[in-house]
Structures are given as C-alpha cells and as structure tokens.
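Reviewing the structure listed below.
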Amino acid sequence: MNDNIIISAISKIQFILVSIFSFIFLTLFALFILLQNGIYIDNISFQNVKVEKLYIKWDEKISVVAKELHFIKEKKSNDSKIEYEKIIKIINSTLPFTVWFKEIIIEKMSLNDTDCVIRYTNDKKGLLHISSPDFILNSSLFSDNNLLTLKIDELKAIKKDVNIDGNISFDIKEKLKFTTTLNITIHNDTKLNLFAHGDAQKLSYKIESNENIKNTRQIVDLFDVHPDVKYWIYDAIEMSSLSLNELYGWLEYENLDKAYLNLYAKAVANDLKYTYDKKVDSVRTTKTDLEFKDGVLYIKPQNAYSYNFFLDKSWLKIDFSKKEELLSLYLLFKGKVNKELLSLLERYEIKLPFIQNKGEVNTNLTLDINLITLGVDAVGDFSAKEAQINYLGLDIDIFDAHVFLNNYDVKVNNMVAKYSDIATSHVDLDFNAKESEGKLTFRFDNIDSKENKLTLLKNKEPFVATYSISPKQDYLTIDKSIW
C-alpha cells in the first residue's frame, strides 16, 4: 500500500517538474523568437522608472532603443561619501554587461533636473550628452578590445567656472578598472593636467601644471573644505603665484575624509604673505618652499621678514592630521628683544620683564599653537655675547647672556651685568611670566658710585641682593655689607 502511494507521489512530482521545465523552455523559446524579431513597447512603468517607445531586439547581441526614459525624483543626499559609493557600484555592476549589447540608444533620459542623450553602438562612435543647472557634458563613446572610452569634448561646471576635456577608458572585461587623462581649466586662468587610474575601491592620481598658478583660492573653492582648515590654506595666504613641482596621491572611496593623509605636494610660493595669526605681524617673503605630506603642511620661507626682522632659518608647519590642528612656528634668527618681539610673546601671554636697547640676540624659539583652542606651548632660548637691556628704567650692559624660556618660566643663569661704571654683577633670574612673579638675584663683584661717594668694600664672597617680583609688591633683600 505504501509503495503504491510513494510511486504515485513520485509520478506526480515528475509530471509537475517536467511541466514546469517545459513551460520555462517554451517561454524562453517564445521570448527568444520575439527578441529575434524585435519587441516594441509603447509605454511601460516599474518602480521609479518610466519608459516610452521601447524597442528591444536580440541578434547575437542585444539592441535597446528608447525615445524617453524618466527616473522618478528621489530625495537628494548631501553625503558625498554615499554618492561616490553609489556611482562606483552602478558603474562596477553595469560595465561588464556592455559586451552583451550591440547598441543602446536613448533619445532623452531625465533624472530630476538633469537631461541626457546616449547613443552607444558596438565598434562604432557614439555620444553622451548631459545637461543640468550645475554642469554640461558633451562627449563621444566608443569601444575597442574590451575598452570603453569616453572622450570628453566639453565638461563644464557652470557655477564654479571649470572646463574639462580629455579621455576616460574603462576595462569592461574585468571588474571595474579605469584610467583617465584630463585637462582642467579654472576661470579661464589656471590650467591643470590630471592623470588617474583606479578600480572599485581606490583611485590614484597625479596633477601637473606647466604654468604658474596665479590664484590658488580658485582651486580651494572647488572643494568643500572644513572651515577650521580653510583659513590656513585660503584666507591666511596671499601670493603673486604658485609654482607646482609635484602633486600626487591616492584615496579610498569609503574614506574620502582621510584622502588628504595620502596626498603629497611640493610647490614654491612667490611673494608670499602668510598671516598665521591675525593679531601679530605677517611673514613676508619673496620665495617660500611648500611641502605637504602625511597631513602636514611645511612652510619654509627664503629671505623672509616679520616685524622688520630678517627671519633667517625660521620656518613653520601646520599639522592637519591631529584631532585639533597644530601650528608650529620655529623662530631661528638674530634680532633684538624690542617692543615688536615682546608684543609677539605677549600675544601668547608671555611677558618678559625687560626690553633690549642694543646688541644682537640669537633667537631659538618654538611656538606650538593649537588652532582650535589657541593654546600655546613655547619653548626656546635667547642668547647674546654682548647687549644692553632696560630694566626698571635702568640701562644695563649684559655679557654672556642666556635666557631660557619654557612656556611661562623664564630662567637666566650667571649672566654678567654692568650698570655704567658703578656696578658689575653676575645675575640669575627665575621668573613666571604668567603670574608676573619671581626672583632676580645679583651677586655684585663691585659697586662704586663716585657721584655719591659710596663704595662697596670687597669681601671674599660676592655681595648678594635679591629682588623679589610679585603682583602685590616688589621688595629687595640684601646681605650684610660694609661701605
């Protein structure tokens, strides 16, 4: 009994399967016959697509002709990462199927406010025209040896006044691979050449310019630069022109926000004026070497001046790779601790208790400035073999002076100081420039005021006087002495 039931079930299943496969075969056969003769559909809609006057034919390869193709408007995304990923996925998934087609002709394709005309014929020249309020593309399409080439005759970004022409070649046999050579003209002034190759994950590029770039701001305007960064590469820089020596790098579509970390650039800025802080004097130079690598911009001026100082070997860098951008200013020059240099230090709450009248000081000072919080870390030293300073209204000659600065801490060890022909002393200073608090220790070798008929009698040990500095009240402490 059970055997008969099983045999009967198997017979029914076999009949159903044979019937299904027969139906599929007959349907495909009928569809093949129809496609061989061509199918004409006057109007068809599905999901977000509407097609008018569609003709499809299969003759070794597929031919698709449509009068109009409409994509129903979708909500625009402001996420450039999502848009790039979507474009790459579409190209990656559709390119391999182009070898199946003999021709694709769409007289009008529209998406939102963008219209397109495409005519692609295998082994023949076709065209691709796109127009929108933002850009216009006029180009040619042709395929050869598994390469699909888009020859751009004109690509114009209307609002940004950018014109592009060149070629983009796609490998349609393998997974997405492409190479491109483009000529870019910005505001009919700046001319760049872009060479790139990439795949579905990564793009490598190189940019060249055979002419000096007169307006770098036009290039910055092309990109959505973060406001915290824009000041330092846009507002802070004035120059007559930029000579681009090298610019290359690579990026991953999934990490566009980190593309700058993989960018290398080397250039020369001519007649540069760099304002790293609006409240201090700019750095002015006839020529400046610029280098950008690993997210850090190096600015190395040649023949540079600020506050009328020759800055000699001074240079600066801006580190964009950190969570909070950091500007490091390396002051390496011979100058004078005058009102201008004191105002620079006071800008960062560093107040020295003296001003220099004469002589030359070797400056070796590093200022690390947090560009978000404006917090400053200052470390360095000033040294002079011979100079004159004014302290508390007294003109004091100094010798073998070495002033050490560590943020707000100012130290001087064993400096020789001489006041007129009256007094000579070795001086130590321990001073907190933020709190205006510290001690100035004098070890007098001799004091002889002929005008006052007052002379310090020499002893085995120097005569010590300590001047204590305090925001509340200064006071002087002296050793016992004989006059």
Side-chain angles (χ1 to χ4, degrees), residues 279-281 305-312 331-365 367 378 380-452 454 456 462-478:
K279 295 185 178 181
V280 301
D281 194 24
Y305 286 83
S306 182
Y307 289 112
N308 295 320
F309 288 139
F310 173 56
L311 296 181
D312 202 8
L331 295 174
L332 305 166
F333 64 93
K334 293 181 179 180
K336 184 182 291 185
V337 186
N338 56 14
K339 290 181 180 179
E340 286 77 15
L341 185 56
L342 288 176
S343 69
L344 171 63
L345 296 175
E346 286 177 6
R347 167 69 181 96
Y348 304 111
E349 299 182 7
I350 301 170
K351 299 179 182 180
L352 296 182
F354 59 85
I355 188 171
Q356 184 179 351
N357 296 332
K358 298 178 183 178
E360 194 173 62
V361 171
N362 291 317
T363 302
N364 181 4
L365 179 64
L367 298 175
D381 62 274
F382 307 91
S383 61
K385 293 297 292 181
E386 183 176 347
Q388 184 184 86
I389 64 172
N390 183 283
Y391 180 71
L392 297 177
L394 301 177
D395 292 330
I396 301 172
D397 297 313
I398 59 174
F399 306 90
D400 299 324
H402 207 156
V403 180
F404 297 92
L405 177 66
N406 188 348
N407 291 315
Y408 304 113
D409 294 326
V410 183
K411 293 185 183 297
V412 177
N413 295 320
N414 207 34
M415 177 180 72
V416 177
K418 181 180 180 182
Y419 175 59
S420 187
D421 292 326
I422 298 175
T424 302
S425 172
H426 288 77
V427 181
D428 298 328
L429 173 66
D430 191 348
F431 181 71
N432 186 303
K434 185 176 183 179
E435 304 296 334
S436 295
E437 189 174 65
K439 288 184 179 181
L440 187 62
T441 303
F442 299 90
R443 300 188 306 279
F444 288 99
D445 298 317
N446 67 284
I447 301 175
D448 186 6
S449 177
K450 294 186 168 96
E451 183 179 347
N452 297 314
L454 185 65
L456 173 68
F463 169 57
V464 178
T466 303
Y467 186 79
S468 298
I469 306 168
S470 172
K472 296 180 180 179
Q473 184 178 5
D474 296 350
Y475 59 92
L476 181 66
T477 303
I478 61 175

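Note that these values count all heavy atoms, side chains included, but never hydrogens, waters or copies made by symmetry.
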Verdict with supporting geometry, L440 and V427, side-chain contact (heavy atoms from CB on, under 4.5 Å):
CA-CA 7 Å; L440 187 62; V427 181; 3.5 Å; yes

Tell me every residue that passes salt bridge (Lys or Arg N to Asp or Glu O under 4.0 Å) with K334, counting only those two or more places apart in sequence or in another chain.
none

Examine distances only and state if a side-chain atom of N432 and a backbone atom of E435 form a donor-acceptor pair shorter than 3.5 Å.
yes

Distance-minimising heavy-atom pair for A387 and Q356
CB-NE2, 3.8 Å

Does any N or O in the side chain of K439 come within less than 3.5 Å of the main-chain N or O of I469, such that one atom is a donor and the other an acceptor?
no

In this structure, CG of N338 is separated from CG of N390 (nearest 0.5 Å) by 13.0 Å

CD/E346 to NZ/K339 distance, rounded to the nearest 0.5 angstrom?
11.5 Å

N/O donor-acceptor pair under 3.5 Å between S470 side chain and K472 backbone:
yes

Can D428 and N414 be said to form a side chain to side chain donor-acceptor pair (under 3.5 Å), step by step?
CA-CA 6 Å; D428 298 328; N414 207 34; over 6 Å; no

Using only atom types and a distance under 3.5 Å, with no angle test, would you say the side chain of T363 pairs donor to acceptor with the backbone of L331?
no

Given side chains that start at C-beta, do those of F431 and E437 come closer than 4.5 Å, heavy atoms only?
no

If you measure from the Lys or Arg side-chain nitrogens to the Asp or Glu carboxylate oxygens, is any gap between K358 and D397 under 4.0 Å?
no

Validation row: D381, V403 side chains within 4.5 angstrom (heavy atoms):
no

Does the side chain of I355 reach to within under 4.5 Å of the side chain of I389, using non-hydrogen atoms?
no

Within a strict 4.5 Å, meaning less than it, do heavy atoms of the T441 and Y467 side chains meet?
no

Using ring-ring contact (aromatic ring centres under 6.0 Å, His included) as the criterion, point out the one residue from Y305, F309, Y307 that pairs with F333.
F309

Between the main-chain N or O of A378 and the side-chain N or O of N407, is there a donor-acceptor pair closer than 3.5 Å?
yes

Would the distance check show the side chain of Y419 and the main-chain N or O of T424 forming a donor-acceptor pair, the cut-off being under 3.5 Å?
no

Could you check Y475 against T466 for side-chain contact (heavy atoms from CB on, under 4.5 Å), going step by step and ending with a plain yes or no?
CA-CA 8 Å; Y475 59 92; T466 303; over 6 Å; no

Output for pair (E340 CD, N308 CG), nearest 0.5 Å, gives 7.0 Å

Report the C-alpha separation of F442 and F444 in whole Å, then their side-chain angles, then the decisive distance to 0.1 Å, and conclude whether the ring pair (Phe, Tyr, Trp, His ring centres under 6.0 Å) test is met.
CA-CA 6 Å; F442 299 90; F444 288 99; 5.6 Å; yes

Minimum heavy-atom separation for V412 to M415, with atom names?
CG1-CB, 3.6 Å

Residues passing the salt bridge (Lys or Arg N to Asp or Glu O under 4.0 Å) test with K385, sequence neighbours excluded, are D400

Could you check whether K411 pairs with D430 (Lys NZ or Arg NE/NH1/NH2 to Asp/Glu carboxylate O, under 4.0 Å)?
yes

What distance do S425 atom OG and R443 atom CZ have between them, rounded to the nearest 0.5 Å?
7.0 Å

